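Nothing here was measured: the structure is a model prediction, and the numbers come from that model. Sequence positions, counted from 1, serve as the residue numbers for this chain.
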Amino acid sequence: MPLSVTPGRTAPLGTVEAGFSLRSAMVLAFFGAVVFAWGVPSEPVFPDETAYVTQTYFLDLAAAPQRNNWAWVEYHAYDLPPFPKYVFAVAEKFMGFSLPDRRVAGRWFRNIREPLVSPEMIRVARWPVVLFGGLGVAAIYGLGTVATGNPRVGALAALLLILDPLYRLHARRAMSDVPAEAFTLATEAIALVAWCSCLAPTLRVYRLFGLFLLTGVCLGLATLSKLTGFSAAMVLGAWCLVALVLPSVPASRRIAFGLGTILAAVVAGAAWLALNPYLTAHPVGKPPADLMGPAPAEESVAARFNRMLRHRVQVSRDAQRIFPHDALPGVPQKLVAVAVQGFGRFGPLGRWDHDSTVPYPRFAWGRDAGAVVWLPCVLAGGFILLVQGLAQTRSGQPPAAWALVVLCAVSTATILFFIPLAWDRYYLPIQSPAIVAGARFLVWLGGKFQTLVLSTRTLA
């Protein structure tokens, strides 16, 4: 008996209307935000939250003539991404708080547990992250729905993301992880619609242009939130390669997605130049005597960007030396940690009492047992998506399910290559793709169970 991968009625692919409901997306986003907001007042302050809030002064330096301020070449400017700091600053000002100055931010690096700002300021900065968490819920609903043509997959993926202990934890912390993840998911969801539209029988140029512009905006905000947002750019590149090898697709359609991806990259680059003066600042005059780790004032944009990348690599290496208990020095250690922790304690079946400040054992059955169930679900979902993509191709539809498999593969490979430590937030980028694949399997399994029950009743 052949494997049926589309139980129930599904909508045709290649359009935004492929089972997607804006109302459902908004309801799921609102529900997610309410769940995330529930723990904001009681969530203990995490040290990195203080770092972000003490650097909110960058908002006042983002417009001319302060874009050439010496603070933009200081260590703080390239250590943490700017977009979350801007958003937190807006929230602080809206609530009447005065923003700290750069000298307060410098004190954090000498003692990360010093209470440099009030707990009230930390809580205020968390509320925008709650909203970003809701955006991620809506985006994963769209991603799962468009990829499979089945809104039940998207809705279940959204609910699983809300339940995921790691996403829920960081959706109420004033840090960059959830904003980056939310905009990464939005980038991928919108780009998938554009990908399907490029490969569909009819092509609407103006609609595509708008989709790629929006993709570029989301990609820019994802990468300005955290460098892991560049995984979305790698996914877009991989989708370009998939489009090139698809049979029976006119060359013009393949070229259209490639050109659209270039447009999105240009828009993202423009967002970087507009919102991150670190790249372009050339201060003049005498620098402050207490300037911390400044970049040379005359460096080019490319040199500044390269400095930032090298800095992140060096920070990871230093962290492995400082925290040897959590270090993942080689591929075997990373593979085991991702398989056990990534799909266990940090997957949807993980425990809700996780505390980032507690030195848990690397592997613990009481926390990682969920991987025994969840990892097979994800792998099975990946197989179903492969089969569904083949069915989509044979029926003349864009193989959006294959695009989702590529997304899962790229995200997982990126984490396996880059993850330096077994710290919870480093596992966050693999949760969403795995959740969509797992949701695909669970919906298929539910359809089979429903068919079995109906057959049993008919025979009775």
Under the salt bridge (charged side-chain N to carboxylate O under 4.0 Å, His left out) rule, what pairs show up with a residue in residues 373-391, not counting sequence neighbours? none

Side-chain heavy-atom pair L116, P100 within 4.5 angstrom cut-off: no

Taking the six-membered ring where the residue is Trp, are the ring centres of F257 and F212 under 6.0 Å apart? yes

Identified side-chain contact (heavy atoms from CB on, under 4.5 Å) counterpart of L219 within the set L214, T184, T187: T187

If we only count heavy atoms from C-beta on, is the L99 to K93 side-chain gap below 4.5 Å? yes

Could you check if a side-chain atom of P165 sits within less than 4.5 angstrom of a side-chain atom of H354, using non-hydrogen atoms only? no

Parallel, tilted or perpendicular: which one describes the rings of Y426 and W423, with boundaries at 30° and 60°? parallel

Donor-acceptor contacts, no H, no angles, side chain residues 403-414, under 3.5 Å, sequence neighbours left out:
from : atom 1 : to   : atom 2 : distance (Å)
S411 : OG     : L407 : O      : 2.9
T412 : OG1    : C408 : O      : 2.8
T414 : OG1    : V410 : O      : 2.7

Show the nearest heavy-atom pair for residues E92 and V53, with the distance to one decimal. OE2-CG1, 3.8 Å

Taking all non-hydrogen atoms of both residues into account, name the closest pair between C377 and L442 and its distance. SG-CD2, 4.3 Å

Might you work through the side chain to side chain contact (heavy atoms under 4.5 Å, CB included) test for I384 and V387, ending with a clear yes or no? CA-CA 5 Å; I384 291 175; V387 176; 5.7 Å; no

What I want to find out is whether D48 reaches R173 closely enough, with some N-O distance under 4.0 Å, to be called a salt bridge. no

Taking the inter-plane angle between the rings of W272 and F230 on a 0 to 90° scale, is it parallel (under 30°), tilted (30 to 60°) or perpendicular (over 60°)? tilted

So, do C218 and I190 sit near enough that their side-chain heavy atoms are less than 4.5 Å apart? yes

Looking only at the aromatic ring of each residue, does the gap between the centers of H76 and F109 stay below 6.0 angstrom? yes

Quick one: list whatever passes side chain to side chain contact (heavy atoms under 4.5 Å, CB included) with W38, sequence neighbours left out. none

Contact check, side chains of D353 and R367, non-hydrogen atoms, under 4.5 Å: yes

With a 4.5 Å heavy-atom cut-off, do W352 and L163 have their side chains touching? yes

Run the salt bridge (Lys or Arg N to Asp or Glu O under 4.0 Å) check on D326 and R362 step by step: do they pass? CA-CA 7 Å; D326 298 315; R362 175 70 59 85; 5.4 Å; no

Any residue meeting side chain to side chain contact (heavy atoms under 4.5 Å, CB included) with R254, in chain and number order, not counting sequence neighbours: L244, V249

Does any non-hydrogen side-chain atom of V87 lie less than 4.5 Å from one of P179? no

According to side chain to side chain donor-acceptor pair (under 3.5 Å), does anything in residues 208-220 pair up with another residue at least two apart or in another chain? List the pairs. none

Filter on ring-ring contact (aromatic ring centres under 6.0 Å, His included), then keep only pairs touching residues 116-149, sequence neighbours left out; what's left? F20-Y141, F132-F183

For D368, the side chain to side chain donor-acceptor pair (under 3.5 Å) test, sequence neighbours excluded, returns R345

Would the number of heavy atoms belonging to other residues, nucleotides or ligands and lying under 6.0 Å from CE of M234 be above 12? yes

If you look at every heavy atom in K334 and I419, which pair is closest and at what distance? CE-O, 2.9 Å

Under the 6.0 Å and 45° cation-pi test, does R67 pair with W72? no

Search all heavy atoms of W374 against all heavy atoms of A434 and return the closest pair with its distance. CZ2-O, 3.7 Å

Checking R304 now: which residues fulfil salt bridge (Lys or Arg N to Asp or Glu O under 4.0 Å) with it, not counting sequence neighbours? E299

With a cut-off of under 6.0 Å to the ring centre and 45° to the axis, is R102 in cation-pi contact with Y57? no

Scan residues 219-237 for pairs that pass salt bridge (charged side-chain N to carboxylate O under 4.0 Å, His left out), counting only residues two or more places apart or in two chains. D177-K226

Is there a side-chain contact between M308 and Y278 (heavy atoms, below 4.5 Å)? yes

How close do T50 and V45 get, counting heavy atoms only, and between which atoms? OG1-CG1, 4.0 Å

Sort and list the pairs that fulfil ring-ring contact (aromatic ring centres under 6.0 Å, His included) and have at least one residue in residues 147-179, not counting sequence neighbours. F36-Y167

Charged N-O contact under 4.0 Å between R126 and E49: yes

For A139, enumerate each residue passing the side chain to side chain contact (heavy atoms under 4.5 Å, CB included) test, keeping only those at least two apart in sequence or located in another chain. L185, A186

side-chain hydrogen bond (donor to acceptor under 3.5 Å, both in side chains) between S432 and E181: does it pass, once the steps are laid out? CA-CA 9 Å; S432 299; E181 183 66 12; 2.9 Å; yes

Among all residues two or more places apart in sequence or in another chain, which pass the side chain to side chain contact (heavy atoms under 4.5 Å, CB included) test with R113? P47, N111

Closest non-hydrogen atoms of A339 and A371, given as atom of the first, atom of the second and distance, are O-CB, 3.9 Å

